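Remember, it's a predicted structure, so these values are computed and weren't measured experimentally.
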Amino acid sequence: MQPDSEMTLLLARAFDRAWARYYRPGRVTIAPEVARPALASHLVEMAKAGTVDEGALAAAGLLQLISITPEEPPGTSDV
């Protein structure tokens with residue numbers, strides 16, 4: 001495993017890459033106050049499990065955000 005400062009930078013870069021890919025105009029997203037901690041936690045867990053490739057972390061982070069995103073914007077379903 002990498003030293004803490006290198007790992008922190010790696011995780012920050014992976015976070016930023018996933019975040020930039022997720023939050024795009026026209027995409028249904030979840031609130032940043034929900035998404036940010038969920039993404040951070042997921043990336044830290046992946047790093048603890050041994051994933052240290054920035055691209056792999058970013059891709060997995062994006063998939064995690066997509067997986068917790070509702071399919072429809074709140075308030076648009078017929079109840």
Side-chain angles (χ1 to χ4, degrees):
M1 178 151 270
Q2 300 177 13
D4 287 344
S5 61
E6 287 182 38
M7 182 56 69
T8 300
L9 290 174
L10 172 75
L11 289 170
R13 287 190 308 265
F15 183 100
D16 288 345
R17 286 175 63 179
W19 192 258
R21 298 260 337 256
Y22 179 69
Y23 278 95
R24 294 188 174 210
R27 175 179 277 169
V28 174
T29 60
I30 54 177
E33 59 270 9
V34 173
R36 292 181 72 81
L39 175 56
S41 177
H42 184 70
L43 294 177
V44 167
E45 289 304 314
M46 287 190 66
K48 284 181 181 178
T51 304
V52 293
D53 177 74
E54 182 182 328
L57 287 166
L62 174 61
L63 291 175
Q64 173 66 11
L65 288 171
I66 291 169
S67 77
I68 62 175
T69 302
E71 292 185 26
E72 296 181 12
T76 60
S77 64
D78 296 322
V79 179

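Between the side chain of Arg27 and the backbone N or O of Arg21, at least one donor-acceptor pair lies under 3.5 Å. Thr8 places a side-chain N or O within 3.5 Å of a backbone atom of Asp4 that can act as its donor or acceptor partner. The main-chain N or O of Ala35 is never found under 3.5 Å from a side-chain atom of Tyr22 such that the two would form a donor-acceptor pair.
Leu11 CG to Thr51 OG1: the interatomic distance, rounded to the nearest 0.5 Å, is 10.5 Å. Annotation: the span from Met46 atom CE to Ser41 atom OG amounts to 12.0 Å, rounded to 0.5 Å.
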(request) Would you please test Val52 and Met7 for side chain to side chain contact (heavy atoms under 4.5 Å, CB included) and show each step? (result) CA-CA 8 Å; Val52 293; Met7 182 56 69; 3.6 Å; yes
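A side-chain contact (heavy atoms from CB on, under 4.5 Å) with Leu39 is found for exactly one of Leu62, Leu65, Val34, namely Leu65.
Looking at Leu57 and Glu54, their side chains never come closer than 4.5 Å, going by heavy atoms from C-beta outward. Looking at Val44 and Phe15, their side chains never come closer than 4.5 Å, going by heavy atoms from C-beta outward.
Heavy atoms only, all atoms of each residue included: Gly61 and Leu43 are closest at CA-CD2, 4.1 Å. Here the closest heavy-atom approach between residue Ala18 and residue Ala58 is recorded as CB-O, 3.4 Å. When all heavy atoms of Pro37 and Pro32 are compared, the pair lying nearest together is CD-O, 4.0 Å.
Follow the hydrophobic side-chain contacts under 4.5 Å out from Ile66 and you reach Trp19 in the same cluster.
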